[in-house]
Number of protein chains: 2
Amino acid sequence: MIKWERGEPVWESDRAVWKQIADELRGRIEAGTYPPRKAIPSLTALVQEFGVARNTIRKVISRLSEEGLLRTEMGVGTFVVPRDDR
Amino acid sequence: MIKWERGEPVWESDRAVWKQIADELRGRIEAGTYPPRKAIPSLTALVQEFGVARNTIRKVISRLSEEGLLRTEMGVGTFVVPRDDR
DNA sequence: ACGAATTTGTGCGTATGTATG
DNA sequence: CCATACATACGCACAAATTCG
C-alpha cells in the first residue's frame with residue numbers, strides 16, 4: 001500500500017515505482033474499489049493521481065493486463081475483468 | 001521477414017514496427033541463427049541494426065520474454081531459452 | 001580494492017497515429 | 001470538428017548489475 005504525505009505518494013526506494021503502483025491497483029481491484037466490468041480511471045487521471053509519467057502508468061496497465069486483471073479497448077477505456085472471466 | 005533496401009529496413013506500413021522486429025527475432029530463434037542458451041545481440045546492437053529507438057527494441061525483448069523465448073539477466077545479457085525449458 | 005566499460009532497468013518528455021463519442 | 005483515450009515511436013538521463021583489466 002502506497003504511503004501518502006501532503007497529497008504526494010512516497011515511493012519506496014528499493015522497488016520500482018511502476019511495481020508499487022501495480023500493487024496498489026491490484027489491491028483496488030481485489031477490494032472492489034475498481035469493480036468488475038467497470039472502467040478504471042483514464043491514463044491521464046492515473047498519471048495525475050500518482051504524479052508519474054504516462055509510460056509508467058502504461059507499464060502498470062500492461063502488466064495487469066498480462067495478469068488478466070484488466071482488458072483494454074482501444075479508444076474506449078481499460079476495464080476490470082470479472083474473476084469468472086479470468 | 002523484413003525487407004531491406006540500401007542497408008535500411010523497409011517497414012510495412014500496416015503493422016507496428018516493434019511487431020515486425022519481434023517476428024524477425026522469433027524467426028532467428030526458431031532458425032537457430034540465435035542458438036539456444038546463447039545471448040542475442042545487445043540492446044545497443046539491435047538498435048543499430050534496425051535503426052529504431054531503444055524503447056522499441058525493449059518492447060520486442062519484453063514481448064518475446066513473455067512468450068518464453070528469451071530470458072534476461074540484468075547487467076549480463078538476454079539469452080535464448082532452449083525449447084525444452086519452455 | 002578500484003574503476004571503466006558493457007548491458008539491462010527505470011523514468012521522464014514529446015510527438016504522432018488511431019479509435020470512439 | 002473537437003475532446004477523450006489508448007497505441008506507437010522517438011529521444012534523453014540516470015540507476016543497477018555484471019564483467020574485466
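The chains referred to below are lettered A, B, ... by the order of the sequence lines, with proteins before strands, and numbering in each begins at 1.
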Produce the list of close N/O pairs, under 3.5 Å, pairing protein atoms with atoms of nucleotides 1-3 of chain C; give distances to one decimal.
none

Protein N or O to nucleotides 11-20 of chain D N or O, pairs below 3.5 Å:
residue: D:dG11; atom: O6; partner: B:Asn55; partner atom: ND2; Å: 2.7

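Protein atom CD of B:Glu73 is 11 Å distant from nucleotide atom C1' of C:dT8, rounded to whole Å. Note: CD (B:Glu12) to C1' (C:dG17) measures 18 Å, nearest angstrom. Between B:Phe79 atom CZ and C:dT8 atom C1' there is a gap of 11 Å when expressed in whole angstrom units. The distance between atom CG of A:Leu46 and atom P of C:dG11, rounded to the nearest whole Å, is 16 Å. For the pair A:Leu43 CG and C:dG17 C1', the computed distance is 15 Å after rounding to whole Å. Distance B:Ile21 CD1 to D:dA9 C1': 11 Å, rounded to the nearest Å. For the pair A:Arg58 CZ and C:dG9 P, the interatomic distance rounds to 18 Å; values are reported in whole Å. Rounded to whole Å, atom C1' of C:dT7 lies 14 Å from atom CD1 of B:Ile57.
Sorted by first and then second residue, the pairs that involve residues 75-86 of chain B and meet side chain to side chain donor-acceptor pair (under 3.5 Å), not counting sequence neighbours, are B:Glu30-B:Arg83, B:Thr72-B:Thr78. Within the structure, salt bridge (Lys or Arg N to Asp or Glu O under 4.0 Å) pairs that include any residue of residues 43-59 of chain B comprise B:Arg28-B:Glu49 (at least two apart or interchain).
With axes fitted over five pairs at each extremity, the angle between the ends of the helix from C:dC2-D:dG21 to C:dG21-D:dC2 is 10° (10° resolution).
Listed by chain and residue number, A:Pro41, A:Ser42 satisfy the side-chain contact (heavy atoms from CB on, under 4.5 Å) test with A:Ala45 (two or more places apart in sequence, or in another chain). Every residue meeting the side-chain contact (heavy atoms from CB on, under 4.5 Å) condition with B:Ala53, not counting sequence neighbours, appears here in chain and number order: B:Thr56. Residues forming a salt bridge (charged side-chain N to carboxylate O under 4.0 Å, His left out) with B:Arg15 (at least two apart in sequence, or on another chain): B:Glu12, B:Asp23. For the salt bridge (charged side-chain N to carboxylate O under 4.0 Å, His left out) test, residues two or more places apart in sequence or in another chain that qualify with A:Arg63 are A:Glu66. B:Arg6 meets the side-chain contact (heavy atoms from CB on, under 4.5 Å) test with no other residue; sequence neighbours excluded.
In this structure, the separation between NZ on A:Lys3 and CD on A:Gln20 is 10.5 Å, given to the nearest 0.5 Å.
Listed by chain and number, the hydrophobic cluster partners of B:Val60 are B:Ile2, B:Trp4, B:Trp11, B:Val17, B:Trp18, B:Ile21, B:Leu25, B:Ile29, B:Tyr34, B:Ile40, B:Leu43, B:Leu46, B:Val47, B:Phe50, B:Val52, B:Ile57, B:Ile61, B:Leu64, B:Leu69, B:Leu70, B:Val80, where partners are ILVMFWY side chains within reach of under 4.5 Å, directly or through others.
Which of D:dC10, C:dT8, D:dC6 sits closest to the side chain of A:Thr72 comes down to D:dC6.
Under 4.0 angstrom from either OP1 or OP2 of D:dC6 there lies at least one side-chain N or O belonging to A:Thr78. Applying the 4.0 Å criterion to OP1 and OP2 of C:dT10, one finds that A:Thr56 has every side-chain N and O outside that range.
With salt bridges taken as basic N to acidic carboxylate O contacts below 4.0 Å, one links A:Glu73 and A:Arg71.
Near-neighbour residues of DNA chain D inside residues 32-42 of chain B, defined by a heavy atom below 4.0 Å, are absent.
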